[in-house]
Amino acid sequence: MGEERLIYHVDVNSAYLSWSSVDRLSWGESDLRLVPAVVGGDAAKRHGVVLAKSVPAKAFGIHTGEPLSDAVRKCPDLIAIPPDFKIYQRYSRAFKAICRTYATAVQDFSIDECFLDVTQTTAYYHPVETACELKDRIKAELGFTVNVGVGPNKLLAKMAGDFEKPDKVHTLWTEEIPEKMWPLPVRRLLSVGRKTAEKLNLYGIRTIGDLAHCEPANLQQVLGNKQGGHLYRYANGLDDSPVLAEPQEEKGYSVSITLPKDVRTAAEARKVIKRLVDSVAMRLRSKHRRAKRISVQIRSSSFVDRSHQRTLDHATDITREIEATADQLFDELWDGVTPLRLIGVALTQIETGSVSQISMFDTKDLERERHIDQAIDAIRKRFGTDAVSRGVDDKKLPRVGKKYEARFEIDRDQ
DNA sequence: TCTGGGGTCCTAGGACCC
DNA sequence: TCTGGGGTCCTAGGACCC
C-alpha cells in the first residue's frame with residue numbers, strides 16, 4: 001500500500017476563449033471574456049459548433065458543443081471567433097511549464113488540463129495555499145485563470161476542479177465525499193456520459209451517492225463487469241492510478257472531415273481520402289511509427305456512422321499503400337448512393353522500430369515510394385505544409401488536418 | 001438541436017486453433 | 001461425424017473524454 005498522496009488537477013477556464021482573448025488583448029483589442037462571446041467553427045463549412053464560451057455567454061444558456069446557429073438564437077449579439085490552435089499550443093506549453101515547477105510529476109491530460117503529483121513537495125504541508133499560489137502565478141504571468149482541484153487522487157482532484165469556476169481552488173478530501181460529491185447527479189461523475197446516466201436513472205440511481213451505495217454486483221449486472229466495478233469505485237472516491245509524467249505513446253492516428261457539402265460520387269470521395277491519408281501518414285512518419293491496421297469511417301447525411309477496417313500482414317508508413325487500402329475499404333463500405341457528410345481515416349496497431357521490408361510493392365517500387373514520401377516530408381518541414389501537394393487540384397476541396405494549398409506539385413503518376 | 005475533430009477503452013460475435 | 005471448452009485475434013460499433 002502506498003502512502004497518502006496529494007494531487008492537483010489544473011484546468012484552464014474556458015481555455016480557447018481565454019487564450020484567444022489574451023492574444024487579442026496583446027493586439028490592443030477588447031477582452032472577449034467580459035462580453036457574450038464564443039470560439040466556434042465556420043458554420044458555412046458545417047463546422048459550426050461552440051468550442052468554448054465566455055461566462056456572459058454561458059448566462060444565455062449557451063453550451064459547449066451546440067450549433068453556433070442555436071447559440072446566436074439565444075443571444076443575438078453573440079461574438080463568434082474562429083479557433084487558432086497555434087496560439088493555443090503556445091499558451092498550453094506556457095502554463096504547463098509553470099505547473100512543472102510545483103510538482104515531481106506532471107501528466108498532460110489534454111491541451112488545457114494536467115495532473116500534478118505534489119506529494120513529495122512542500123505543497124504537502126500547505127495544499128490549499130500552494131494551489132492558490134500556483135493559480136495566481138499563472139494569472140499574473142500569463143493573463144488567464146485556471147481552476148485547481150486538490151485531492152488524494154486524480155479522480156477527486158478532477159472532480160474538485162469542476163466545482164465552481166472560474167479562478168478557484170477547491171478541495172475534495174476523502175472525508176468530504178458525502179457532503180461535496182454524493183449529492184451531485186450521476187452524470188457529473190467522470191466517465192458517466194449521457195447514455196450511462198439515462199440507464200442508471202432507469203434504476204432509480206440519480207446521484208453519485210445513490211451509485212456509491214449500490215450493490216456492486218447489481219451494478220455490474222447492469223453495466224457490465226468492467227464499467228460496473230469502475231463506476232462503483234469512482235462513486236466511492238477510489239482511484240489509485242498514478243500521475244504518468246512520461247508522454248504516453250499514441251495508440252493511433254486519425255483524421256476526419258465534415259464536408260462542406262455532402263459527397264455523392266466515388267470520385268469526390270477518393271479525392272477526400274487522398275488528402276486525409278496524405279495528412280495522417282505524414283504525421284505517422286514524423287513520429288517514426290508504422291501502422292498495421294487501417295480504417296475508414298463514413299457518416300451519412302442522416303448521421304449514421306459506419307466503419308470498415310483491415311489489418312495488414314505488415315506495418316506500413318507508405319502513403320500510397322495506405323491510400324490504396326483506404327480506397328478499397330471505402331469501396332467495400334459505401335453503397336454508392338447514401339450522401340456522405342463525413343469521411344475519416346484512422347491508423348492503429350502502431351509499431352515502432354526498424355522498417356519492414358514487406359509491402360504491397362516490390363523492392364524497387366518500395367524504395368521509390370519511400371523516396372517520394374521523404375522528399376515531400378522534407379519540403380514541408382523546410383517550407384511549411386503549404387509548400388507541396390500530391391497531385392490533387394485542391395483549390396476547391398476542403399482543407400484537412402493542417403492547412404495547405406497547392407503551390408507546386410509532385411505528380412507521381414507521370 | 002441540423003449537430004467538430006482527435007483520441008481511448010470496452011463489448012460482442014465470429015474465426016480459428018488446441 | 002458428432003460433441004465441448006478455452007484462448008486469441010479480428011471486426012464493427014458504442015460510449016466517453018476534452
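- Taking 4.0 angstrom as the limit, A:Arg283 places a side-chain polar atom (N or O) nearer than this to OP1 or OP2 of B:dG7.
- A:Thr196 comes within 4.0 angstrom of sugar-phosphate atoms only, judged by non-hydrogen atoms across all strands, and of no base.
- Evaluation of A:Phe109 against the base of C:dC18 yields no stacking contact (centre distance < 5.5 Å, interplanar angle < 30° required).
- A:Gly41 comes within 4.0 angstrom of nothing in the nucleic acid, heavy atoms only.
- Heavy atoms of A:Gln309 sit under 4.0 angstrom from at least one base atom.
- Between A:Cys114 and A:Phe95, the closest side-chain pair of non-hydrogen atoms falls below 4.5 Å.
- Defined by atom type and a distance below 3.5 Å, a donor-acceptor pair is present between the side-chain atoms of A:Thr316 and A:Glu321.
- For the pair A:Gln107 CD and B:dT8 C1', the interatomic distance rounds to 13 Å; values are reported in whole Å.
- Both A:Ser301 and A:Leu223 lie close to DNA chain B; mapped to their nearest nucleotides by heavy-atom distance, the more 5′-ward contact belongs to A:Ser301.
- Contact check, A:Arg73 against B:dT1: no side-chain N or O comes under 4.0 Å of OP1 or OP2.
- Proximity of A:Val192 to A:Ile208: side-chain heavy atoms (C-beta onward) are nowhere separated by under 4.5 Å.
- Using a 4.0 Å cut-off between charged nitrogen and carboxylate oxygen, A:Glu249 and A:Lys287 do not count as a salt-bridge pair.
- Residue A:Arg299 has a polar side-chain atom (N or O) positioned under 4.0 Å from OP1 or OP2 of B:dG4.
- Between A:Glu198 and A:Arg194 there is a salt bridge, since a side-chain N of the basic residue sits under 4.0 Å from a carboxylate O of the acidic one.
- In summary, A:Asp373 and A:Arg370 do not engage in a salt bridge, as defined by a charged side-chain N under 4.0 Å from a carboxylate O.
- Across all strands, A:Leu51 comes closer than 4.0 Å to base atoms (heavy-atom distances).
- For the pair A:Arg90 and A:Asp23, the salt-bridge criterion is met [side-chain N within less than 4.0 Å of a carboxylate O].
- Checking the phosphate oxygens (OP1, OP2) of C:dT11, a side-chain nitrogen or oxygen of A:Thr311 falls inside 4.0 Å.
- Comparing A:Lys251 and A:Gln227 along DNA chain B, the residue whose closest nucleotide (by nearest heavy atom) sits nearer the 5' end is A:Lys251.
- The C1' atoms of five pairs define one axis at each end of the helix from B:dG5-C:dC18 to B:dC18-C:dG5, and these two axes lie 10° apart (to 10°).
- If you measure from atom CG of A:Asp305 to atom C1' of C:dT11, you get 16 Å, rounded to the nearest angstrom.
- Listed pair A:His308 / C:dT11 fails the phosphate criterion, with no side-chain N or O lying under 4.0 Å from OP1 or OP2.
- Look at the P atom in both B:dT3 and C:dC18: the space between them is 23 Å, to the nearest Å.
- Within 4.0 Å of A:Lys45, counting heavy atoms only, lies no atom of the nucleic acid at all.
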